[in-house]
Amino acid sequence: MKTLALVVPCHNEAKRLDVDAFVRAAEEWPWISFCFVDDGSTDATAELLAHMANLSPSMHAIYIDENVGKAEAVRRGVLHVCSYSGADCVGFWDADLATPLGEIPSFMRAFEEQGPLKAVIGSRWPHLGTDIRRSVARGLAGALAKWLIRRTLGAPVWDTQCGAKVFACDVAREIFRAPFRSRWLFDVELLARIGRRRLRRDVLELPIAEWFDVPGSKVGLGALRELLSLPSICRQSLVESRSCTFLS
């Protein structure tokens, strides 16, 4: 199986981080490594990550002195592992494990079995055989966001906001190179950087079997404000994507 370096952004996650789950994954899958990014936490997250790094050679952490937001934390983590890990694929995963780590092998099998993909993104599509649990309010807000995002991207993406995405390393280097204009909805900006034609051709949206709405989400009014400015942000990213050659 291809090797994977997975970035996990963490901001004040000391009480929610499932240490045992990450340790088991590192022990069970020799092809994976974890890079935890402490995004200026004010609780004991930094100390916990230092402890985890001592538990397995497949886990390490980098530390940001001040809170820069999920988008920038993920970006710095991805660029870090692209430079030092030598992995075939690079991705990011939400620290709360709303998408369980058990979904990761399905992402990697997709790279192996479904042709020369450039990215695999998780999709919380509720259908028979899956267990997708989210609050009614979050579901309604998500439905409105999905409609606007699909219109903005001009591509039939069902779910851009699932915090489980994996990219070929060469693609990750390109699309994470520049800072994001958005702090919360950077997932959409990422896809816009890939470009409409390439989204349809080289990106697989993979339905996940389990997802749980974990209490304590930090997405709020800031994300709603960004949603209103999303069309202009994505238009600029789509224009910039035309000059990229990594997916040609």
Side-chain angles (χ1 to χ4, degrees), residues 4-29 32-81 84-85 87 90-104 107 121-122 124 132-135 138 141-142 159-166 172 176 179-180 182-187 190 208 210-223 226:
L4 171 65
L6 202 63
V7 173
V8 183
C10 302
H11 177 65
N12 292 343
E13 295 286 354
K15 294 182 178 180
R16 297 201 306 173
L17 204 61
D18 190 341
V19 176
D20 291 340
F22 285 105
V23 171
R24 285 195 302 269
E27 292 175 346
E28 183 177 352
W29 303 324
I32 195 171
S33 62
F34 293 99
C35 173
F36 298 91
V37 182
D38 178 35
D39 182 19
S41 297
T42 56
D43 64 356
T45 296
E47 291 81 359
L48 180 61
L49 296 183
H51 167 69
M52 292 174 67
N54 288 324
L55 297 177
S56 170
S58 297
M59 297 192 294
H60 73 282
I62 61 177
Y63 304 90
I64 303 173
D65 291 337
E66 61 180 357
N67 177 233
V68 294
K70 181 181 178 181
E72 181 61 13
V74 170
R75 191 181 78 88
R76 294 188 192 184
V78 167
L79 294 179
H80 173 80
V81 297
Y84 298 107
S85 72
V90 176
F92 62 89
W93 214 264
D94 282 349
D96 60 12
L97 299 187
T99 305
L101 293 175
E103 298 285 343
I104 294 174
F107 282 65
I121 64 174
R124 297 163 294 183
I132 309 297
R133 305 180 199 175
R134 64 194 316 175
S135 66
R138 191 164 179 174
D159 183 7
T160 61
Q161 298 310 113
C162 180
K165 293 179 174 65
V166 177
F176 283 92
F180 296 103
S182 50
R183 184 180 175 94
W184 298 109
L185 300 178
F186 74 101
D187 306 68
L190 268 179
I208 57 179
E210 292 182 70
W211 188 89
F212 305 100
D213 197 354
V214 178
S217 171
K218 302 175 182 68
V219 178
L221 292 177
E226 279 190 6

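Each residue takes its place number in the sequence, starting with 1. In this text the structure is predicted, and so the values were computed from the model without any measurement.
- Among residues two or more places apart in sequence or in another chain, the ring pair (Phe, Tyr, Trp, His ring centres under 6.0 Å) test is passed with F107 by W93.
- Not counting sequence neighbours, D38 has no partner by the salt bridge (charged side-chain N to carboxylate O under 4.0 Å, His left out) test.
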Full working for side chain to side chain contact (heavy atoms under 4.5 Å, CB included) between L4 and W29 | CA-CA 10 Å; L4 171 65; W29 303 324; over 6 Å; no

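- Of all heavy-atom pairs spanning L101 and A25, the tightest one is CD1-CB, 4.1 Å.
- Here the closest non-hydrogen pair linking V68 and A73 is CG2-N, 3.9 Å.
- Applying the side-chain contact (heavy atoms from CB on, under 4.5 Å) criterion to L79, with sequence neighbours excluded, gives R75, F176.
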Evaluate the criterion side chain to side chain contact (heavy atoms under 4.5 Å, CB included) for residue pair D96 and L17; output intermediate values, then yes/no.
-> CA-CA 6 Å; D96 60 12; L17 204 61; over 6 Å; no

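- Applying the side-chain contact (heavy atoms from CB on, under 4.5 Å) criterion to S33, with sequence neighbours excluded, gives A5.
- A14 and L48 make their closest contact through O-CD2, 3.8 Å (heavy atoms, listed as atom of the first residue, atom of the second, distance).
- With sequence neighbours left out, the ring pair (Phe, Tyr, Trp, His ring centres under 6.0 Å) criterion links H60 to H80.
- In summary, D187 and K165 engage in a salt bridge, as defined by a charged side-chain N under 4.0 Å from a carboxylate O.
- Distance alone, capped at 3.5 Å, is enough to place a donor-acceptor pair between the D18 side chain and the A21 backbone.
- A26 and I32 get closest at one heavy-atom pair: CA-CG2, 4.4 Å.
- By the 4.5 Å heavy-atom criterion applied to side chains, F22 and L97 are counted as neighbours.
- The aromatic rings of F186 and F92 are tilted relative to each other, their planes meeting at an angle between 30° and 60°.
- Between V23 and S56, every side-chain heavy-atom pair lies at or beyond the 4.5 Å cut-off.
- A salt bridge links E13 with R16; the closest basic N to acidic carboxylate O contact falls under 4.0 Å.
- Exactly one of L6, V7, V8 qualifies for a side chain to side chain contact (heavy atoms under 4.5 Å, CB included) with F36. That residue is V8.
- With a 4.5 Å cut-off on side-chain heavy atoms, C162 and I121 do not count as touching.
- Applying the side-chain contact (heavy atoms from CB on, under 4.5 Å) test to N67 and every residue at least two apart in sequence or in another chain returns H11, D39, R183.
- Nearest approach of V78 to A172, heavy atoms of both residues: CG1-CB, 3.9 Å.
- Scanning all heavy atoms of the two residues, the minimum distance from D94 to K70 falls at OD1-NZ, 2.7 Å.
- Remark: side-chain polar atoms of S41 are not paired, donor with acceptor, to backbone N or O of D43 under 3.5 angstrom.
- Within the 4.5 Å cutoff, no side-chain heavy atoms of V37 are placed close to those of V74.
- Taken from CD in E66 to OG1 in T42, the straight-line distance is 13.5 Å, to the nearest 0.5 Å.
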